[in-house]
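The structure appears right after this line, and notes come after that.
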Amino acid sequence: MMMDDIERVMFTKENIAGMIAKLGKEISRDYAGKEIFAVGILKGAVVFFSDVVRAIDVPVQMDFMIASSYGNSAETSGTVKILKDLDYDIAGKHVMIIEDIIDSGLTMEYLMEILRARKPASIRLCALLSKPSRRQTDVTIDYCGAEVPDEFLVGYGLDFAEKYRNLPCIGILKKEIYA
Ligand code: IMP
Ligand code: MG
């Protein structure tokens with residue numbers, strides 16, 4: 001079973017539901033009277049995306065991007081390749097990027113630069129998790145579910161080698177699995 005590979009559960013599905021409800025309230029309040037153009041970063045954000053958009057009480061348009069960083073797989077290099085771009089033009093839209101976790105922040109810094117150049121009315125970032133101790137950029141997370149320590153997490157969209165994304169909780173992966 002997948003849970004056998006988990007050292008410790010960091011967020012249960014109830015914890016996550018609480019985080020989503022809180023984010024949804026904040027976002028709905030801040031965007032009252034506006035429409036949000038939500039940009040989900042595939043694939044990691046897909047589970048979080050589908051929950052958080054349903055916790056938001058203003059109209060949400062949905063679009064997706066796939067970004068892949070060059071270099072080795074464990075550390076991001078900051079050079080990002082767009083494997084799938086948005087289907088729509090974001091000029092004049094209130095863009096909200098929805099991401100699973102911000103680690104070094106290099107991927108997001110690069111993506112935001114690309115999206116800002118397309119002249120949205122505004123652009124904000126919503127991330128379920130943040131690892132502040134790993135940050136290498138000053139990317140601002142406007143809506144953040146929780147800050148986490150420097151541990152390798154899986155579940156709720158987060159993967160190790162494409163596995164564990166469908167785990168309903170978020171846990172620390174046992175070292176022996178990835179060492
Ligand atoms: P950054 O450019 O270093 O901020 O990379 C962020 C990306 O790294 C996220 O979108 C995740 O795909 C991945 N990532 C960072 N930390 C973890 C983790 O603990 N578990 C799974 N994926 C992670
Ligand atoms: Mg990702």
Side-chain angles (χ1 to χ4, degrees), residues 11 13-70 76-132 134-148 153 155-159 165 168 170:
F11 301 105
K13 62 179 185 183
E14 291 77 17
N15 294 152
I16 297 169
M19 283 150 64
I20 302 274
K22 193 161 166 272
L23 288 169
K25 254 191 204 157
E26 272 180 58
I27 294 168
S28 304
R29 185 198 60 210
D30 293 355
Y31 286 83
K34 292 180 183 146
E35 284 191 18
I36 296 173
F37 188 98
V39 173
I41 309 301
L42 300 177
K43 296 178 277 217
V46 75
V47 180
F48 173 50
F49 186 99
S50 73
D51 280 341
V52 80
V53 294
R54 286 177 292 171
I56 297 173
D57 194 17
V58 300
V60 177
Q61 292 181 61
M62 303 181 195
D63 208 343
F64 300 93
M65 280 178 109
I66 302 178
S68 149
S69 54
Y70 289 110
T76 37
S77 60
T79 318
V80 177
K81 191 174 162 190
I82 307 256
L83 299 181
K84 186 223 170 286
D85 205 337
L86 297 174
D87 293 335
Y88 295 100
D89 182 11
I90 56 169
K93 308 270 186 189
H94 293 290
V95 171
M96 182 172 301
I97 304 178
I98 314 266
E99 178 59 307
D100 51 0
I101 184 165
I102 306 296
D103 188 61
S104 70
L106 291 169
T107 310
M108 194 47 60
E109 182 176 59
Y110 187 82
L111 272 183
M112 288 190 95
E113 205 178 292
I114 291 174
L115 296 183
R116 270 199 203 96
R118 300 179 187 179
K119 308 278 180 237
S122 68
I123 184 161
R124 286 187 184 173
L125 171 60
C126 171
L128 180 66
L129 303 174
S130 170
K131 282 183 186 170
R134 302 255 312 160
R135 204 59 39 84
Q136 290 179 44
T137 61
D138 57 4
V139 58
T140 302
I141 307 177
D142 301 284
Y143 303 97
C144 181
E147 294 193 342
V148 292
L153 305 174
Y156 198 72
L158 294 166
D159 74 307
R165 290 195 199 274
I170 296 170

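Along the sequence shown, residues carry numbers from 1.
Pairing each heavy atom of Ile16 with each of Pro168, the nearest pair is CD1-O, 3.6 Å. Contact detail for Cys144 and Ile141: the closest heavy-atom pair is CB-CG2, 3.6 Å. The shortest non-hydrogen separation linking Gly105 to Val139 is CA-CG1, 4.0 Å. Scanning both residues, Ala127 and Ile102, for their nearest heavy atoms gives CB-CG1, 3.7 Å. Considering every non-hydrogen atom in both Ile56 and Ser28, the closest pair reads CA-OG, 3.5 Å. For the pair Gly155 and Ile170, the tightest heavy-atom approach, listed with the atom from each and the gap, is O-CG1, 3.9 Å.
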**Request:** Verify side-chain hydrogen bond (donor to acceptor under 3.5 Å, both in side chains) between Tyr143 and Asp30, making sure each step is shown before the conclusion.
**Result:** CA-CA 11 Å; Tyr143 303 97; Asp30 293 355; 2.6 Å; yes

**Request:** For side-chain contact (heavy atoms from CB on, under 4.5 Å), just list the numbers for Leu125 and Met108, CA-CA rounded to whole Å, side-chain angles, deciding distance to a tenth of an Å, and then say yes or no.
**Result:** CA-CA 9 Å; Leu125 171 60; Met108 194 47 60; 3.6 Å; yes

**Request:** Before giving the answer on side-chain contact (heavy atoms from CB on, under 4.5 Å), spell out for His94 and Ser122 the whole-Å C-alpha distance, their side-chain angles and the decisive distance to 0.1 Å.
**Result:** CA-CA 5 Å; His94 293 290; Ser122 68; 2.7 Å; yes

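In summary, the side chains of Asp51 and Tyr156 do present a donor paired with an acceptor at a separation below 3.5 Å, with no hydrogens or angles considered.
Distance alone, capped at 3.5 Å, is enough to place a donor-acceptor pair between the Arg135 side chain and the Asp103 backbone.
Pairs of residues two or more places apart, or lying in two chains, that qualify as salt bridge (charged side-chain N to carboxylate O under 4.0 Å, His left out) and include a residue from residues 86-98 are Lys84-Asp87.
Side-chain contact check for Lys43 versus Arg165: some heavy-atom pair is nearer than 4.5 Å. When side chains are defined from C-beta on, Ile41 does not count as touching Ile98, because their heavy atoms never get closer than 4.5 Å.
For Phe64, the ring pair (Phe, Tyr, Trp, His ring centres under 6.0 Å) partners two or more places apart in sequence, or in a different chain, are Phe49. Scored by the ring pair (Phe, Tyr, Trp, His ring centres under 6.0 Å) test, Phe48 finds no partners at all (sequence neighbours excluded). Listed by chain and residue number, Asp142 satisfy the side-chain contact (heavy atoms from CB on, under 4.5 Å) test with Thr140 (two or more places apart in sequence, or in another chain). By the side-chain contact (heavy atoms from CB on, under 4.5 Å) test, Arg116 pairs with Met112, Ile123, sequence neighbours left out. For the salt bridge (charged side-chain N to carboxylate O under 4.0 Å, His left out) test, residues two or more places apart in sequence or in another chain that qualify with Arg118 are Asp85.
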